[in-house]
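Single-structure report; data block below.
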Protein chains: 2
Amino acid sequence: MKNGPARRQVFRLSRERRVADIMAAARDVFREKGYEDAPMSDIAERANVVEGSIYRYFENKRDLLVKVIEDWYEAMLADYDQQLSGIRGTRNRLRFMIWRHLMTIHEEPALCDLMFQFLRTGRDYSHTTVYELNKQYTRRTLDIIKEGIAAGELRNDVTLRLVRDMIYGCIEHHTWAYLRGEGQFDPDTTADSIVDLVLSGLQIRRTPQGPDLADRLEKAVERLENLAGKPAL
Amino acid sequence: MKNGPARRQVFRLSRERRVADIMAAARDVFREKGYEDAPMSDIAERANVVEGSIYRYFENKRDLLVKVIEDWYEAMLADYDQQLSGIRGTRNRLRFMIWRHLMTIHEEPALCDLMFQFLRTGRDYSHTTVYELNKQYTRRTLDIIKEGIAAGELRNDVTLRLVRDMIYGCIEHHTWAYLRGEGQFDPDTTADSIVDLVLSGLQIRRTPQGPDLADRLEKAVERLENLAGKPAL
DNA sequence: ATCTCTTAATGAACACAATTCATCATTTCG
DNA sequence: CGAAATGATGAATTGTGTTCATTAAGAGAT
């Protein structure tokens, strides 16, 4: 019998259980330390496995990150349709989508950060599941816009892609600014403001034909006055 | 005399020249390979120095990246005010800012990428020079909005921060989508569309009861006229 | 010119983290 | 119960950023 260094007791779990353990540990460590500052050794320790074991279930560190984000994202979107289906009216539905996105970033800033910084920038992003999920997610917003157009409430001469970029770009830009200390975070009023801006724009709405209307009224009254002033009786 | 390995000829240059050489090399390598995939050895080789020498002028790899981006950003913003000062009118000035930003991203996608991905996400971003430059840069857009408000052209009940987030968020979101293959890139029409969307919003402007109201009033007066004209005789 | 003295550049050595793999423990199955 | 299959291990490897003792180049004095 060789007297080597003490070997840790080996536990054998089901594949699903091991994967779940590692992903849970990875999610926690990534949340706390980000991607680059999260050593595999930390993840292994928290998952009660040894570093090398992680590579039996995940190709590499990045793959682990991708799986973690996918898992979270998918779960988050699960009951989305249901919530949305209970809301009526273009404005309300749009507001919900914006509010929901703001809340998500507020609840999981670290994971959102990882997603935007490390997944979305990767060369292969457009071939990932996260890309598809995200597309599916933003498509709902565009569907709301389309319905608004079909109902004659919204302009039909805008590029839908740009509207999407404007809404989501605004939310994200706003959130990063908040995360580095600019202003406060109030999903309710922010959502209201964004919907209002997107729908109404910046320009002051001149009541068109305003002066014209006044003219016409004045002329009508004049006719009345003339009529009344005459020796009609 | 020791017969060690051949030692490379040592060139001594002015500090400015060395720094400039290293930064130029770093800029090129970063542009080609990104941040993480750009080894210091490549940068050193291209700058004709040895790896260790870089650390006489830069604290570490990140510091080098920061300096490179700063340098580029500063140069880019240099003749900005001058260009803008030649443009009149809220809409045109706003359009220029948007167009200019689109062009910048189009001309230097790699450096913009680095800036967004590695600088803006850093913990210390809000204490960097790039942060200040960027603030100063976006402030001009907000100044244009403020002038529009002062001139009575734009609504005064919007959060300026949100308008900024909407404009820049939209541009950036749009650009990343483009960079990963969605749609084309046409700074001119895109700038037009964004300005239009920001100023006018999505909602169809109902002439609010304009003609309708006038019609109804005129008819009422007509009835009065008829009434007054009849039993009078 | 020659001889210090200061300073810059060097590249070998270090440190640290991701990844691999030969080895051994555990389970499964005949 | 024994043998094969499978899974976990952790030591070794690799790659890369960073450090530092050593050495070369230039400046100034004699």
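Naming convention: chains lettered A, B, ... in sequence-line order (proteins, then strands); numbering from 1 in each chain.
For the pair Arg17(B) CZ and dA8(C) P, the interatomic distance rounds to 17 Å; values are reported in whole Å. Distance, Tyr35(B) OH to dT16(D) P: 14 Å, rounded to whole Å. Taking atom CD1 of residue Ile54(A) and atom C1' of nucleotide dG7(D), one finds them 15 Å apart after rounding to whole Å. Taking atom CZ of Arg15(B) as the reference point, atom P of dA8(C) lies 7 Å away to the nearest angstrom. In this structure, Arg56(A) atom CZ and dT9(D) atom C1' are separated by 10 Å, rounded to whole Å. The distance from atom CD1 of Ile43(B) to atom P of dT16(D) is 12 Å, rounded to the nearest whole Å. Atom CD of Glu59(B) and atom P of dC20(D) are 14 Å apart (whole Å). Put simply, CE on Met40(A) is 16 Å from C1' on dG15(D), counting in whole angstrom units.
Look at Tyr55(B) and you won't find any side-chain N or O under 4.0 angstrom from OP1 or OP2 of dT19(D).
Below 30°, between 30° and 60°, or above 60°: for Phe185(A) and Tyr178(A) the angle between ring planes is between 30° and 60°, a tilted geometry.
Distance from the side chain of Pro39(A) is smallest for dA18(C) among the nucleotides dG7(D), dT10(C), dA18(C). With dA9(C), dT9(D), dA8(D) as the candidates, the nucleotide lying closest to the side chain of Arg18(A) is dA8(D). Closest to the Tyr57(B) side chain, of the nucleotides dG17(D), dT9(D), dA9(C), is dA9(C). Here the nucleotide nearest the side chain of Val50(A), chosen from dT18(D), dG10(D), dA8(C), is dG10(D).
Within the nucleic acid shown, Phe58(B) has no heavy atom closer than 4.0 Å to any nucleic acid atom. Contacts of Ala38(B) with the nucleic acid, taken as non-hydrogen atoms under 4.0 Å apart, involve only primed sugar atoms and P, OP1 or OP2.
Looking only at atom types and distance, the side chain of Thr189(B) has no donor-acceptor partner in the side chain of Asp192(B) under 3.5 Å away. A donor atom on one side chain and an acceptor atom on the other are not found under 3.5 Å apart for Glu51(B) and Ser41(B).
Taking the side chain as every heavy atom from C-beta outward, Tyr35(B) and Arg62(B) approach each other to under 4.5 Å.
Note that Lys67(A) lies outside the cation-pi zone of Phe58(A), set by a 6.0 Å cut-off to the ring centre and a 45° limit from the axis.
Of the two residues contacting DNA chain D, namely Lys61(B) and Ser53(B), the nearest-nucleotide position lying further toward the 5' end is that of Lys61(B).
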